[in-house]
Amino acid sequence: MACHEIAALRLGLMNILGIDDPAERAHELAELGPAAEAPGPVSAMLRAGDLKSLTRLFEGSLAELQEKVAKTPADDAKLAYLRSLLILTKQVELELRAQVDGLGRLYRELEEMHDFVHEIYPAE
């Protein structure tokens, strides 16, 4: 099993950030394998056009991963890996949320700074 959620998130971010790195794209697509074409949030992240959609799809992929872990038998050799993957993806989810919140704050503060400049230079 591969870290499909992380690979798909990276590909979605490449689209949104305008990163054009064919080797990196090929690497992440290879990591995804058939999951890149399977219906669901993982494959949809590859086509996300904005951060809001990408974040929503990533959260959807985490819900699917949590469901998979919950259904995995306790004696399955992959269970420890899947649980570790849950921890990793939760950390990524929190970091993604912080980055999106930071960009939102920057957007709002730009307006505040713009207004401040007009307070100092009212004729401009």
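- With sequence neighbours left out, the side chain to side chain donor-acceptor pair (under 3.5 Å) criterion links Gln99 to Glu95.
- Between Phe58 and Glu5 the shortest heavy-atom distance is CE1-O, 3.7 Å.
- A pairwise comparison of heavy atoms in Leu46 and Arg25 identifies O-NH2, 4.4 Å as the closest pair.
- Counting heavy atoms from C-beta on, the side chains of Met14 and Asp21 come closer than 4.5 Å.
- Taking the salt bridge (Lys or Arg N to Asp or Glu O under 4.0 Å) definition, one finds that Glu67 meets it with Lys71, sequence neighbours left out.
- The line from CG of Leu82 to CG of Leu65 is 6.5 Å long, rounded to the nearest 0.5 Å.
- Residues Ile6 and Ile87 do not share a hydrophobic cluster, defined by chaining ILVMFWY side chains whose heavy atoms lie under 4.5 Å apart.
- More than 12 heavy atoms of other residues, nucleotides or ligands sit less than 6.0 Å from atom CD of Glu59.
- Within the structure, salt bridge (Lys or Arg N to Asp or Glu O under 4.0 Å) contacts touching residues 112-123 (residues at least two apart or in different chains) do not occur.
- Listed here is the closest heavy atom pair of Ile120 and Pro122: O-CD, 3.3 Å.
- By the criterion of side-chain heavy atoms lying less than 4.5 angstrom apart, applied directly or through intervening Ile, Leu, Val, Met, Phe, Trp or Tyr residues, Leu17 is grouped together with Val100 in one hydrophobic cluster.
- A search for salt bridge (Lys or Arg N to Asp or Glu O under 4.0 Å) contacts involving Arg97 returns Glu93, not counting sequence neighbours.
- Note that CG of Leu103 and CZ of Arg108 are 10.5 Å apart. Values are rounded to the nearest 0.5 Å.
- Counting all heavy atoms, side chain and backbone alike, Pro22 lies closest to Asp20 at CD-O, 3.7 Å.
- Note that CD of Gln66 and OG of Ser61 are 9.5 Å apart. Values are rounded to the nearest 0.5 Å.
- For Glu24, the salt bridge (Lys or Arg N to Asp or Glu O under 4.0 Å) partners at least two apart in sequence or on another chain are Arg10.
- The CD atom of Glu28 sits 9.5 Å away from atom CG of Leu9, with the distance rounded to the nearest 0.5 Å.
- Under the rule for a salt bridge (Lys or Arg N to Asp or Glu O under 4.0 Å), Lys52 has no partner lying at least two apart in sequence or in another chain.
- Considering only heavy atoms from C-beta on, Pro73 stays 4.5 Å or farther from Leu79 through its side chain.
- Interatomic distance, Cys3 SG to Leu85 CG, rounded to the nearest 0.5 Å: 5.0 Å.
- Thr72 contributes a side-chain N or O that, together with a main-chain N or O of Lys68, makes up a donor-acceptor pair within less than 3.5 Å.
- Contact record, Ile16 with Ala48: CG1-O, 4.0 Å, taken as the closest heavy-atom pair.
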Next item on the list: Report the C-alpha distance between Leu32 and Leu11 in whole Å, list the side-chain angles of each, state the deciding distance to 0.1 Å, and finish with yes or no for side chain to side chain contact (heavy atoms under 4.5 Å, CB included).
Entry: CA-CA 10 Å; Leu32 284 169; Leu11 286 164; 3.6 Å; yes
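- Taking each heavy atom of Ser43 and Ala36 in turn, the nearest pair found is CB-O, 3.2 Å.
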Notebook entry, point to check: Could you walk me through whether Ile19 and Leu13 pass the side chain to side chain contact (heavy atoms under 4.5 Å, CB included) check?
Noted result: CA-CA 8 Å; Ile19 297 170; Leu13 285 170; over 6 Å; no
